[in-house]
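Before any comments, here is the structure.
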There are 2 protein chains.
Amino acid sequence: MTIEKEYTTKLAVDDVTIDRRDIEMLDAIDRYGSMHRAAEELGRSYARLQNRVVEIEEAVGPITERQRGGSGGGGTELTATARELRRQFDRHEAALDGVARVTESVFAGTVRDRTGELGTVETGIGPILALVPDDASEVQVTVRSDAVVLTEPEEALEADSTSLRNQFRGTVDRLEPGESITRVTVDLEGDEGDPTLQALVTKASSERLELAPGREIAASFKATAARGIRIDSDSRA
Amino acid sequence: MTIEKEYTTKLAVDDVTIDRRDIEMLDAIDRYGSMHRAAEELGRSYARLQNRVVEIEEAVGPITERQRGGSGGGGTELTATARELRRQFDRHEAALDGVARVTESVFAGTVRDRTGELGTVETGIGPILALVPDDASEVQVTVRSDAVVLTEPEEALEADSTSLRNQFRGTVDRLEPGESITRVTVDLEGDEGDPTLQALVTKASSERLELAPGREIAASFKATAARGIRIDSDSRA
DNA sequence: CGTCGTGGTATCCATGACGATACAACGACG
DNA sequence: CGTCGTTGTATCGTCATGGATACCACGACG
């Protein structure tokens with residue numbers, strides 16, 4: 001059973017919510033210069049497509065300049081608003097794609113202190129400062145591997161001048177080099193469960209830090225990049 | 001026109017894709033111990049709900065132990081698989097919620113060098129090492145504010161022993177303190193556009209670094225936390 | 001002044017998702 | 001050995017989405 005993380009991107013603008021299909025519609029209109037051709041090229045009915053454009057415009061304002069009559073019969077162009085929408089959508093989707101692709105490390109623990117949205121979670125690898133939901137006591141803390149910073153252990157000590165609030169020491173367990181990015185698995189000193197933290201690092205950084213299995217290293221991440229998720233109390237196993 | 005980032009969480013397991021509704025179904029079954037009560041409590045029809053359970057189990061394997069007959073008429077319990085599914089879903093949703101909530105800073109630029117998935121992007125604030133799509137030349141680079149690390153400027157110089165590949169200097173422009181987290185806006189030295197970088201920092205870090213408007217500071221982030229998004233060449237404005 | 005490919009609109013129909021309903025099968029317990 | 005609240009299953013109706021089709025309006029250009 002392999003579980004894959006998926007998602008669908010949406011933008012809520014006032015009253016409508018714009019999804020991938022809408023953006024593809026805008027793209028096609030932009031590319032072909034007419035809603036008829038866009039509909040044909042996308043394999044969807046002109047009537048619905050045109051309706052959708054109007055529907056969006058009623059909520060967002062003009063996203064097209066439509067003209068009928070004329071030499072070529074007319075045509076429609078996108079407005080700056082439409083292009084901005086598309087860019088925003090692309091950014092959002094890229095961000096979501098990021099979380100779906102990136103691996104994360106999980107540590108179960110219990111919330112000790114809490115001030116506002118922040119809390120200290122006692123885990124098998126020690127206390128972690130993380131964002132925690134305010135009704136939770138038992139949580140699992142997740143850390144995205146692209147948010148983990150690796151540092152020389154000696155330098156790490158004086159790093160109190162940083163906003164990196166979570167620092168751990170460990171030894172490199174495994175390197176999985178990609179073309180330009182290496183996935184590093186760090187064994188942390190911990191008693192329970194799987195005291196392992198994954199980090200994504202550029203190949204250049206990997207070489208500069210002379211990463212290799214057995215190498216001692218400091219791994220740190222920001223409190224704002226670690227989130228706790230409530231575990232239902234009635235969940236056994 | 002206020003644009004809000006939205007998303008719908010999904011897990012793809014083999015042949016089925018599990019969405020929020022399914023997880024709520026599992027929750028209700030777990031809470032009430034029977035599919036009939038779960039259906040009633042959720043306001044949906046028993047027939048469909050039961051069908052859905054079977055449908056999921058055909059793809060994922062047993063997620064329930066169903067028993068009919070008996071004193072209470074029977075009942076159904078969740079299996080460990082179902083609980084694991086729920087936890088995974090919760091984690092994924094928390095991660096997606098993170099990207100939807102966090103602000104990001106955007107810098108437009110052009111890709112210079114590219115090795116694999118990594119590239120150097122020339123922007124208004126200088127070169128940024130980021131993940132770039134392989135067909136792009138003009139990109140917008142986005143940096144999540146929870147991935148930006150603030151450091152004492154003096155210490156930053158010797159930070160070559162880190163996997164933080166992008167380092168910039170600037171001055172604190174604005175602080176927006178929350179209950180336990182402060183949003184920091186840093187003005188970078190840059191010519192074009194909006195040379196501003198946002199960072200989320202714990203209040204403790206903010207005080208330790210003595211952040212205040214005008215304060216000089218170093219802001220850094222990992223290359224793997226910066227992603228470039230292609231800008232269509234035919235996009236003007 | 002007609003042509004032609006647009007935009008604009010209304011109507012009908014196919015499909016899928018889902019609730020509503022009805023009914024059979026089950027089995028511990030009184 | 002019947003009761004009762006389950007799990008199963010089949011059928012029908014409803015609703016929303018969206019394609020298919022048809023028809024009108026438009027206006028520069030030949």
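In what follows, chains are A, B, ... by sequence order, proteins preceding strands, each numbered from 1.
The interatomic distance linking D19(A) (CG) with dG18(D) (P) rounds to 9 Å, in whole Å. When the P atom of dG7(C) is taken as reference, atom CD of E65(A) falls 13 Å away, rounded to whole Å. Per the geometry, CD belonging to E41(A) stands 11 Å off P belonging to dT6(C), to the nearest Å. Rounding to whole angstrom units, NE2 of residue H36(A) and P of dA20(D) are separated by 13 Å. Put simply, OH on Y46(B) is 17 Å from P on dC23(C), counting in whole angstrom units. In this structure, the CG atom of N51(A) is 8 Å from the P atom of dT9(C), given to the nearest Å. Summarising the geometry, the separation between CG on L42(A) and C1' on dG18(D) is reported as 14 Å, rounded to the nearest angstrom. When the C1' atom of dG7(C) is taken as reference, atom CZ of R66(A) falls 8 Å away, rounded to whole Å.
Distance check: D30(A) CG to T76(A) OG1 gives 9.0 Å after rounding to the nearest 0.5 Å. If you take CZ on R20(B) and CG on D27(B), they are separated by 8.5 Å, rounding to the nearest 0.5 Å.
Within the 4.0 angstrom heavy-atom criterion, only backbone atoms of the sugar-phosphate kind lie near G72(B); the bases stay farther away. If you check every strand for non-hydrogen atoms under 4.0 Å, R52(A) touches nothing. Residue-level contact check: R48(A) touches the bases, meaning some heavy atom is under 4.0 Å from a base atom.
Side-chain contact, S180(B) with T115(A): no donor N or O sits under 3.5 Å from an acceptor N or O. There is a side-chain donor-acceptor pair under 3.5 Å between T202(B) and R165(A). Between R87(B) and Q140(A), the side chains place no donor N or O within less than 3.5 Å of an acceptor N or O (distance only, hydrogens not considered).
When the side-chain nitrogen and oxygen atoms of S71(A) are compared with OP1 and OP2 of dA28(D), none of them lie within a distance under 4.0 Å.
Between dG19(D), dG19(C), dT9(D), one nucleotide has an atom nearer to the side chain of Q50(B) than all others, and that is dT9(D). Comparing dA25(D), dG18(D), dC26(C) against the side chain of R68(B) picks out dC26(C) as the nearest. The listed nucleotides are dT6(C), dG19(C), dG18(D); the one nearest the side chain of S34(A) is dT6(C). Picking from dT9(C), dT9(D), dG19(D) the nucleotide with the shortest atom distance to the side chain of A47(B) gives dT9(D).
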